[in-house]
Visitor: 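What follows is a structure written as structure tokens; I'll ask about it next.
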Amino acid sequence: MTSSTSSSSSHKDRVHDPSKRTAILVTYPDQFVIDEAVGLAEAADYEVLDIMTRRYLSRSKYGVGPGQAEKLKMLVEESGAEFVVFDEKLQSNQLYNLAGMVGREIIDRERLILEIFSRRASTAEAKLQVKLAELIYEMPRAKAKVRLAKVGEQPGFFGLGKYEVDVYYQAIKRQMTTVKQKLQDASRQRELYRAQRRKLDMPIVSLAGYTGVGKTTLFNRLTGESKEISSNLFTTLTTSTRSLNLDGFKILFSDTVGFISRLPTYMIEAFKSTLEELTYANLILLVVDASQPLEDLNRRYQSCIEILSELKVSPAKVFLVFNKADLLDESQLNLQMLALGATPEGSVAISAKTGLGVEDLLGKIRDTLFEPVETQISLEPSDAAHLSAQISWLKTQGEVAINKSADGRLTINVKSNSWTIERFIKSVDEAKAKPHG
Ligand SMILES: Nc1nc2c(ncn2[C@@H]2O[C@H](COP(=O)(O)OP(=O)(O)OP(=O)(O)O)[C@@H](O)[C@H]2O)c(=O)[nH]1
Ligand SMILES: [Mg+2]
């Protein structure tokens, strides 16, 4: 075994499960990254026979250096692996060169994530989202196939001739248009559903967080549902929403797709309508797995923060939940919480599995959303004219006193709960943003 390869006994000594596809994993020499890559490969039903680690996986010709590509070929031949899982994004020419060198199909990180999503997508919308992501992935590669097909016979590229490749490329373009159209329909559907939800006058609390941290376990515990839970990555791909009663205060509670590090932007884009749910939430419970080593915890937390900011979610709405507290003692837990800069007001430690701390969490959700607030809101005459529906709604939600000055400006004094006021202010902003005829 060379220094560039590491083969832990857990991968080598395992009895091969014939239903799984065997693979050599190429990844970075970093335990966090290795563990995540193995998790991803396993979630896509690959059995990792051996692991090769390199510091650089974006070298121009093969991703790895030429000498390492040779070593990979030997590793593939020795182990009899059917595939190479390459834990980095590769360009078409790199995929092509490496496949030619090792004589196996190369599954790069993006394709791996797509394979998992495609296996797990169960609703029509999730299937469309995955299809769109697959087409976006395929598009630049199809162009390269057209180019490469002109050069000659291309093993690892399905042996398509130039004509077939052209047809293939055009077909991808057409499919993409159709899928986008269908997704727009689904998005309109979702908009209608959202409008209905607004009428329910309940704040929305959404779960967010890395895949596998226990979001669905918590969702099931609180709602009495039995949605699928597993140690595999990306168990949940679609959003589920249920109403919950917190001592007389009603909320809508949502579970959604988990995050992962180095998630390509176009995948966030493809899953936008699912992830968009987060932008409509009044409160986001960002769940982390407190039992992970601090460095991993921190990296996963940072990935989540990045994705949330990409989705333009306000940090003020994020409440941090340290799950799996049953696996740590109190001092360890405190250290982990301290390290992420968690404050007692903005976080809580729980175990979704045992129920520990869950009452505390519910209390904090209730306090955050239903805290009584008194405030004053001023509206310009030009805005006030378009806001009668919103103002009527506000009047049904608390004590409201309105003063109109001579120039038509409205001053609204309102006493209600925090989420109602937040929602009113948001609807005012939305009305202002809309052009009026
Ligand atoms: N020890 C312990 N395990 C937990 C706890 N909560 C969840 N788990 C386990 O963590 C694993 C992942 O749980 P899920 O609820 O499926 O995680 P998720 O965040 O919904 O994952 P995705 O749907 O993939 O994003 C399962 O094996 C759960 O049994 C907990 O509080 N303590
Ligand atoms: Mg889940």
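Please read these numbers as outputs of a predicted model, since none were measured by experiment. Every number for a ligand or one of its atoms is a count from 1 in the order of the listing.
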Visitor: State, yes or no, whether a side-chain contact exists between Glu36 and Ile260 at a heavy-atom distance under 4.5 Å.
Guide: yes

Visitor: Can Tyr46 and Glu115 be counted as having a side-chain donor-acceptor contact under 3.5 angstrom?
Guide: yes

Visitor: With nothing but distance in play, are any N or O atoms of Ile229 less than 3.5 Å from an N or O of ligand 1?
Guide: no

Visitor: To which of Gly214, Ser230, Gly209 does the heavy atom nearest atom 11 (C) of ligand 1 belong?
Guide: Ser230

Visitor: Could you check whether Arg120 makes a cation-pi contact with Phe234, meaning its NZ or CZ is under 6.0 Å from the centre of the six-membered ring and within 45° of the ring axis?
Guide: no

Visitor: Below 2.8 Å, any N, O or S contact between Thr235 and the Mg ion (ligand 2)?
Guide: no

Visitor: Is the number of heavy atoms from other residues, nucleotides or ligands within 6.0 Å of NZ (Lys182) greater than 12?
Guide: no

Visitor: For Asp289 and Val213, which heavy atoms make the closest approach, and how far apart are they?
Guide: N-CG1, 3.7 Å

Visitor: For Gln170, is the CD atom crowded, meaning more than 12 foreign heavy atoms sit under 6.0 Å from it?
Guide: yes

Visitor: Considering only heavy atoms, does Asp326 approach ligand 1 within less than 4.0 Å through its side chain, its backbone, both, or neither?
Guide: side chain

Visitor: So is Phe234 polar-close to ligand 1, meaning N/O to N/O under 3.5 Å?
Guide: yes

Visitor: What atoms of ligand 1 come within less than 4.0 Å of a heavy atom belonging to Thr235?
Guide: 22 (P), 23 (O), 24 (O)

Visitor: Validate the cation-pi geometry between Arg109 and Phe86: distance from NZ or CZ to the six-membered ring centre under 6.0 Å, angle to the ring axis within 45°.
Guide: no

Visitor: When you measure from the Mg ion (ligand 2) to the N, O or S atoms of Thr216, does any of those distances fall below 2.8 Å?
Guide: yes

Visitor: Which one holds for Asn323 and ligand 1: side chain close, backbone close, both close, or neither close, with close meaning a heavy atom under 4.0 Å?
Guide: side chain

Visitor: Residue-level breakdown please: for Leu327 versus ligand 1, do any non-hydrogen atoms fall below 4.0 Å on the side chain, on the backbone, on both, or on neither?
Guide: side chain

Visitor: Which residue and non-hydrogen atom of the protein lie closest to atom 20 (O) of ligand 1, and at what distance in Å?
Guide: Thr216 OG1, 2.8 Å

Visitor: Check this for me: Glu225, atom CD, are more than 12 non-hydrogen atoms of other residues, nucleotides or ligands nearer than 6.0 Å?
Guide: yes

Visitor: I'd like to know if the side chain of Asn232 reaches the main chain of Thr235, judged simply by a donor and an acceptor atom lying under 3.5 Å from each other, with no hydrogens or angles considered.
Guide: no

Visitor: Report yes if some N/O of Leu233 lies less than 3.5 Å from some N/O of ligand 1; otherwise report no.
Guide: no

Visitor: Using only heavy-atom distances, determine whether the side chains of Asn93 and Tyr62 contain a donor-acceptor pair under 3.5 Å.
Guide: no

Visitor: For atom 15 (O) of ligand 1, which protein heavy atom lies nearest, and how many Å away is it?
Guide: Thr217 OG1, 2.6 Å

Visitor: Give the residue and atom name of whichever protein heavy atom lies nearest to atom 2 (C) of ligand 1, and the separation in Å to one decimal.
Guide: Lys353 CD, 3.5 Å

Visitor: Any nitrogen or oxygen of Thr236, main chain or side chain, under 3.5 Å from a nitrogen or oxygen of ligand 1?
Guide: yes

Visitor: Which ligand 1 atoms, with their elements, are less than 4.0 angstrom from a heavy-atom of Ser231?
Guide: 27 (O)

Visitor: Any idea which protein heavy atom is nearest atom 9 (C) of ligand 1, and the distance to it?
Guide: Lys324 NZ, 3.9 Å

Visitor: Could you tell me which atoms of ligand 1, counted from 1 in the order shown, lie closer than 4.0 angstrom to a heavy atom of Gly258?
Guide: 25 (O)

Visitor: Can you tell me which residue and heavy atom of the protein come closest to atom 18 (P) of ligand 1, and the distance to 0.1 Å?
Guide: Lys215 N, 3.5 Å

Visitor: Just checking Glu359: does its CD atom have more than 12 heavy atoms from other residues, nucleotides or ligands closer to it than 6.0 angstrom?
Guide: no

Visitor: Are there over 12 heavy-atom neighbours, none belonging to Lys426, within less than 6.0 Å of that residue's NZ?
Guide: yes

Visitor: What protein heavy atom is closest to atom 21 (O) of ligand 1, reported as residue, atom name and distance in Å?
Guide: Gly212 N, 2.9 Å

